[in-house]
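One structure below.
Per chain, numbering begins at 1; letters A, B, ... match sequence-line order. Keep in mind that what you see is a predicted model, and the values were worked out from it rather than measured.
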Protein chains: 2
Amino acid sequence: MELRHLRYFLAVASHQNVRAASEELHVSQPAVSRQIQDLEDELGIQLFERLPRGIRLSRAGEAFREDISRVMAALGVACERAQRVSRGEIGELRIGYVEVAGWEGIVPDTFHAFRESAPEVRLELTPTGTPDQLAMIRAGMLDGGFIYQFDPLPPNLAALHLGEHGVLLAMPSRWAQRPDRPVKLNDLTGERFIFFHRNAYPAYYDLLLTACALSGLVPHIVQEGQNEAAVLSLVSAGIGLAIVNDRNRYRPPAQVEFREIEDLNIRLPLRFVYRHERTNPALQNMLACLENR
Amino acid sequence: MELRHLRYFLAVASHQNVRAASEELHVSQPAVSRQIQDLEDELGIQLFERLPRGIRLSRAGEAFREDISRVMAALGVACERAQRVSRGEIGELRIGYVEVAGWEGIVPDTFHAFRESAPEVRLELTPTGTPDQLAMIRAGMLDGGFIYQFDPLPPNLAALHLGEHGVLLAMPSRWAQRPDRPVKLNDLTGERFIFFHRNAYPAYYDLLLTACALSGLVPHIVQEGQNEAAVLSLVSAGIGLAIVNDRNRYRPPAQVEFREIEDLNIRLPLRFVYRHERTNPALQNMLACLENR
DNA sequence: CAGATTGATGCTTTCAAGGCATCAGTATAG
DNA sequence: CTATACTGATGCCTTGAAAGCATCAATCTG
């Protein structure tokens, strides 16, 4: 059995007339007659009653017609759906992002732009750190992610540069007697510092310490946090100072104030990273949003 | 697009391997490769990603696979259903019957037998008179009916003889002083009679009057009822006597007694009638039940 | 009764599916 | 590190089935 048989069957059934159906199908009448006979032979049943003049659907044919129309409609929908998935119009896109980067700027803007351009794609957002994202992207658990990239990318991953963020000094509010004014690193000698674990972002960690050293500061690290949020909680608790992403200004924790650091020029390179063989068509769409921003 | 494309696609998708699929399909590997390519060309999308070694479903391919498996399953069900309809195992059978004939004997027995042999056929029963049934059968509103046949059948209708029923005298209880004993027609001269309308069953009506005349009775008809139930209601009300189907003994109305009529030998020929081109396969099943009784 | 219209059938053609041989690329075993 | 095996793709040829043409048989219509 082939779709041809079913197409011819539906045409004949709807016209109740072989010749009319054959014209609609743009084939000769004998061809249609034969295909209908073949279909009947294969099913082993009569789909049409042969009247002295003309034909008419049998009971079985009526049932078959109802079912087959639904089947053909479903087939059409299936093709349509596959094409829309392939164009990235429907489906699912799993994107990771560093939480602070999602508070303002290109990351949330891109999410909005994507939602407008592909409203039927389920956008699954996973806020998590850079190393986590890279692992998940490589494992195929994420289609892409917004990260701060210091280390070179693993092979297979491609990146889109989106700009750079800076760093700020975070201090407990009650330590900040003087009004908001930039500080210098060597003013901070002897202060107690909170850092993140080195093995979380080794390259960034080393970059930070090197920059401090160049400005004559070897920070006295009294505690380490799992991530920046944890570090800021410790600052909020009055444990010490910390150097953090400047995006934290958009959602300052309680009991914490931020100061620019005059002599520390560290840039956090925000990138969108994805597997080079972009397997998810919706990803193309997101890349387009990023490039046309 | 033909079913071949879809069958090959599903095979390749489930094996994630062209050669394995080609073996399952009993065709050569190049044939499968080509059909997959043709399908992709026709849909205008990539269903598979070509890896350096082997292939893998693309996102669109995954969506297509899910949909197409359902489509193919539905197609199988459709064929199955059409075949079962054609064998009369499922579907609908609309049968008429004269109510009194349905109270006992072959008519209800056949209904039970049919229900056992084709439990999934919806049996739609319509209790109504012989002329009504014949009209509905000819109009295609009924597939067949149990009738009492006096007039010759219209063309296109076939009949199965099922036996004969007799007639009884029905009288109001308070008129029946003597115990149940057969009566003779000429004992009833001068009695008031209730008949049915002649145009309802002309042949039966005439047969009845002729038989009465032969026994020396010209019944004094005081009222006519639409059908036998109406006639019996009038008897029950004490309006007069009536000659009715002997099946009424199985559900005697209140205030009515029945007597056999010694010198009236009228036989009511019970027949199953259907259109000669038995268009409903379930009807075959019912005919089989009637013939194997 | 002539002509039109129905679907079926015999014969021929044609086009596409299938098979074979082979290629290019990569993984694997020795 | 090479030989081999295995992947899917491609070129070429064969063949089978679908389509077309002409026609038939039956029936309806004017």
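- There is no side-chain donor-acceptor pair under 3.5 Å between A:S33 and A:Q37.
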- Task: Given salt bridge (Lys or Arg N to Asp or Glu O under 4.0 Å), test B:E89 with B:R87 step by step and report yes or no.
- Result: CA-CA 5 Å; B:E89 291 174 16; B:R87 287 196 298 265; 2.7 Å; yes
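- Using a 4.0 Å cutoff on non-hydrogen atoms, the parts of residues 4-14 of chain A near DNA chain D are A:R4, A:Y8, ordered by number.
- Rounded to whole Å, atom P of C:dA16 lies 13 Å from atom CD of B:E42.
- B:T279 and A:E49 form a side-chain donor-acceptor contact under 3.5 Å, judged by distance and modelled atom types alone.
- The pair B:R59-A:D143 meets the salt-bridge criterion, with a side-chain N (NZ, NE, NH1 or NH2) lying under 4.0 Å from an Asp/Glu carboxylate O.
- Between A:R275 and A:E277, at least one side-chain N (NZ, or NE/NH1/NH2) sits under 4.0 Å from a carboxylate O, which counts as a salt bridge.
- Within residues 19-41 of chain B, the residues having any heavy atom under 4.0 Å from DNA chain D are, by residue number, B:R19, B:Q29, B:P30, B:S33, B:R34, B:Q37.
- By the 4.5 Å heavy-atom criterion applied to side chains, B:E164 and B:H161 are counted as neighbours.
- Checked against a 6.0 Å centroid threshold, the rings of B:F111 and B:F146 count as neighbours.
- In this structure, CD of B:E2 is placed 11 Å from C1' of D:dA18, rounded to the nearest angstrom.
- A:R56 and A:Q16 share no donor-acceptor pair across their side chains, judged by distance under 3.5 Å alone.
- Rounded to 10 degrees, the angle separating the terminal helix axes of the helix from C:dC1-D:dG30 to C:dG30-D:dC1, each built from five base pairs, is 20°.
- Salt bridge annotation for B:E124-B:R94: absent, with no cationic side-chain nitrogen under 4.0 angstrom from a carboxylate oxygen.
- With ring centers used as reference points, A:Y148 lies 6.0 Å or more from A:Y204.
- Evaluation of the side chain to side chain contact (heavy atoms under 4.5 Å, CB included) rule for A:D206 yields A:R198 as partners, not counting sequence neighbours.
- Residues from residues 46-63 of chain A that place a heavy atom under 4.0 Å from any atom of DNA chain D, listed by number: A:P52, A:R53.
- In this view, B:R19 satisfies the salt bridge (Lys or Arg N to Asp or Glu O under 4.0 Å) rule with no residue, not counting sequence neighbours.
- Between B:Y201 and B:F150, the ring centre distance reaches or exceeds 6.0 Å.
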